[in-house]
Protein chains: 2
Amino acid sequence: MDISIGELSRRAGVKVPTIRYYEQVGLMPLPSRSEAQQRRYGEPEVARLNFIRHARELGFEMDAIRELLALSSDPERPCGDVDRIARRHMAEVEKRIRKLTALRGELRRMIGECGQGRVGECRVIQTLADPSHDHGRLADH
Amino acid sequence: MDISIGELSRRAGVKVPTIRYYEQVGLMPLPSRSEAQQRRYGEPEVARLNFIRHARELGFEMDAIRELLALSSDPERPCGDVDRIARRHMAEVEKRIRKLTALRGELRRMIGECGQGRVGECRVIQTLADPSHDHGRLADH
DNA sequence: TCTACGGCCTCTAGCGACTAGAGGGGCAAG
DNA sequence: CTTGCCCCTCTAGTCGCTAGAGGCCGTAGA
């Protein structure tokens, strides 16, 4: 117990300002304070912050992490909700992969057609200037 | 000629506030104005905005688009720079695809292990709580 | 004793690429 | 005369942080 924010940072692999930010947005609880008003944490906070970091690394959004944290606090609850959140996120990831793969294809084609001549005949520029393409809404990466 | 911002928006497939934003950040030029101070555009602006939209759909960042626009204005220049920008961008896209594919793999494994029991035994929660994983820096999508 | 260092504190602003909203003007049709 | 539509400017919000200013506190070395 009685861990400073710096040590929590080292133990969970999350930067100090990020921890304070998580506190601000309610992902981390308001910690107790030392006499000099410094934050003090314990093992539960280390675990919680590790959970958050790992979920962020897997690309879960903060709202989803909030849900997952709430769900994980009740071990008796059936884990259908957890599963649903994870599947929803995976569907998002797969969508982004499809989108990026399509982009890569078009970029590859475009670059392959560039004959290294002058900009006036450059296929890259011409492709970009051609208004007939439409890839639906602007990309979300 | 003498196209309103609304018609430019329709012709290029870019929302009106976005056009004004592009003007603000210097991607689109300051247009001439009607007597009532409304923006008036011509064909060159339609082409330029289409170029921008298409490049954005391909995921180019605004700085890269600025460069591409500058390069495309000189047809005599050899297009090595254009090619370099496009290749750099494609390398970025490929990096993101690799990252997301790795994430998908881990999500799939995690979800596959969930026995649909209670949260207490849920593999999804356990995997997230396990601090031993480290995927390097937090994901950039 | 002075001073440098490191860690902690709060608060504010910035990133990219928009999007949303407030609050208003002007013009044509019904 | 009112309704609706298009246009204007300006400000603030999105997401998940990150960077910086400015300051406190305690210790260790010269």
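Residue numbering restarts at 1 for every chain, and letters A, B, ... go by the order of the sequence lines. Treat the numbers as computed from the prediction; the structure is a model and nothing was measured.
Phosphate proximity of D:dC7 to B:Ser34: absent, as no side-chain N or O sits under 4.0 Å from OP1 or OP2. Phosphate proximity of C:dA17 to B:Thr18: absent, as no side-chain N or O sits under 4.0 Å from OP1 or OP2. Phosphate proximity of C:dC18 to B:Arg20: absent, as no side-chain N or O sits under 4.0 Å from OP1 or OP2. Phosphate contact (OP1/OP2 of D:dC6, side-chain N/O of B:Ser4, threshold under 4.0 Å): absent. Distances shown here put every side-chain N or O of A:Arg39 at or beyond 4.0 Å from the OP1 or OP2 atom of C:dC8. Of the side-chain N and O atoms in B:Lys15, one or more sit less than 4.0 angstrom from OP1 or OP2 of C:dT19. One finds no side-chain N or O of A:Tyr21 lying less than 4.0 angstrom from the OP1 or OP2 phosphate oxygen of D:dC15.
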Q: Apply the test side chain to side chain contact (heavy atoms under 4.5 Å, CB included) to residues B:Phe51 and B:Leu68: give CA-CA distance (whole Å), side-chain angles for both, the deciding distance (0.1 Å), then the verdict.
A: CA-CA 10 Å; B:Phe51 186 104; B:Leu68 289 171; 4.0 Å; yes
Q. Going through the distances and angles, do B:Val46 and B:Ile3 end up as a side chain to side chain contact (heavy atoms under 4.5 Å, CB included)?
A. CA-CA 9 Å; B:Val46 177; B:Ile3 298 170; 3.9 Å; yes
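Closest to the side chain of B:Met62, out of C:dC8, D:dC17, C:dA17, is C:dA17.
Note that CZ of B:Arg40 and OG of B:Ser34 are 4.5 Å apart. Values are rounded to the nearest 0.5 Å. Put simply, CZ on B:Arg53 and CG on A:Leu128 are 11.0 Å apart, with the number rounded to the nearest 0.5 Å. Residue A:Arg96 holds its CZ atom at 8.5 Å from CG of B:Leu103, rounded to the nearest 0.5 Å. Distance check: A:Leu27 CG to A:Leu49 CG gives 9.5 Å after rounding to the nearest 0.5 Å.
A salt bridge between A:Arg20 and A:Glu23 is absent, with no side-chain N of the basic residue lying under 4.0 Å from a carboxylate O of the acidic one. Taking the charged nitrogens against the carboxylate oxygens, B:Glu45 and B:Arg48 have no contact shorter than 4.0 Å, which rules out a salt bridge. For the pair B:Glu94 and A:Arg108, the salt-bridge criterion is met [side-chain N within less than 4.0 Å of a carboxylate O]. Taking 4.0 Å as the cut-off between side-chain N and carboxylate O, B:Arg88 and B:Glu67 count as a salt-bridged pair.
If you check every strand for non-hydrogen atoms under 4.0 Å, A:Arg33 touches sugar and phosphate atoms only.
Cluster membership check: A:Leu30 does not share its hydrophobic cluster with A:Leu8, using side-chain heavy-atom separations under 4.5 Å among Ile, Leu, Val, Met, Phe, Trp and Tyr.
Nucleotide C:dA17 holds its P atom 7 Å from the CG atom of B:Asp63, rounded to whole Å. Rounded to whole Å, atom P of D:dC15 lies 14 Å from atom CD of A:Glu92. Nucleotide D:dC17 holds its P atom 15 Å from the CZ atom of A:Phe60, rounded to whole Å. At whole-Å resolution of the value, CZ in B:Arg40 and P in D:dC6 are 13 Å apart. In this structure, CD1 of A:Ile19 is placed 13 Å from P of C:dT10, rounded to the nearest angstrom. Put simply, CD1 on B:Ile3 is 12 Å from P on D:dC7, counting in whole angstrom units. Rounded to an integer number of Å, the gap from CZ of A:Arg10 to C1' of C:dC8 is 12 Å. A straight line from OH of A:Tyr41 to P of C:dC8 spans 10 Å, rounded to a whole angstrom.
The stretch residues 23-31 of chain B has no heavy atom under 4.0 angstrom from DNA chain C at all.
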Q.
Strictly under 4.0 angstrom, non-hydrogen atoms only: write out the protein contact profile of nucleotides 22-29 of chain C, one letter per nucleotide from the 5' end, B, S or -.
A. --------
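At least one donor-acceptor pair under 3.5 Å links the side chain of B:Thr101 to the backbone N or O of B:Ile97.
Between its two ends, the helix from C:dT1-D:dA30 to C:dG30-D:dC1 turns its axis by 30°, counting five pairs per end and rounding to 10 degrees.
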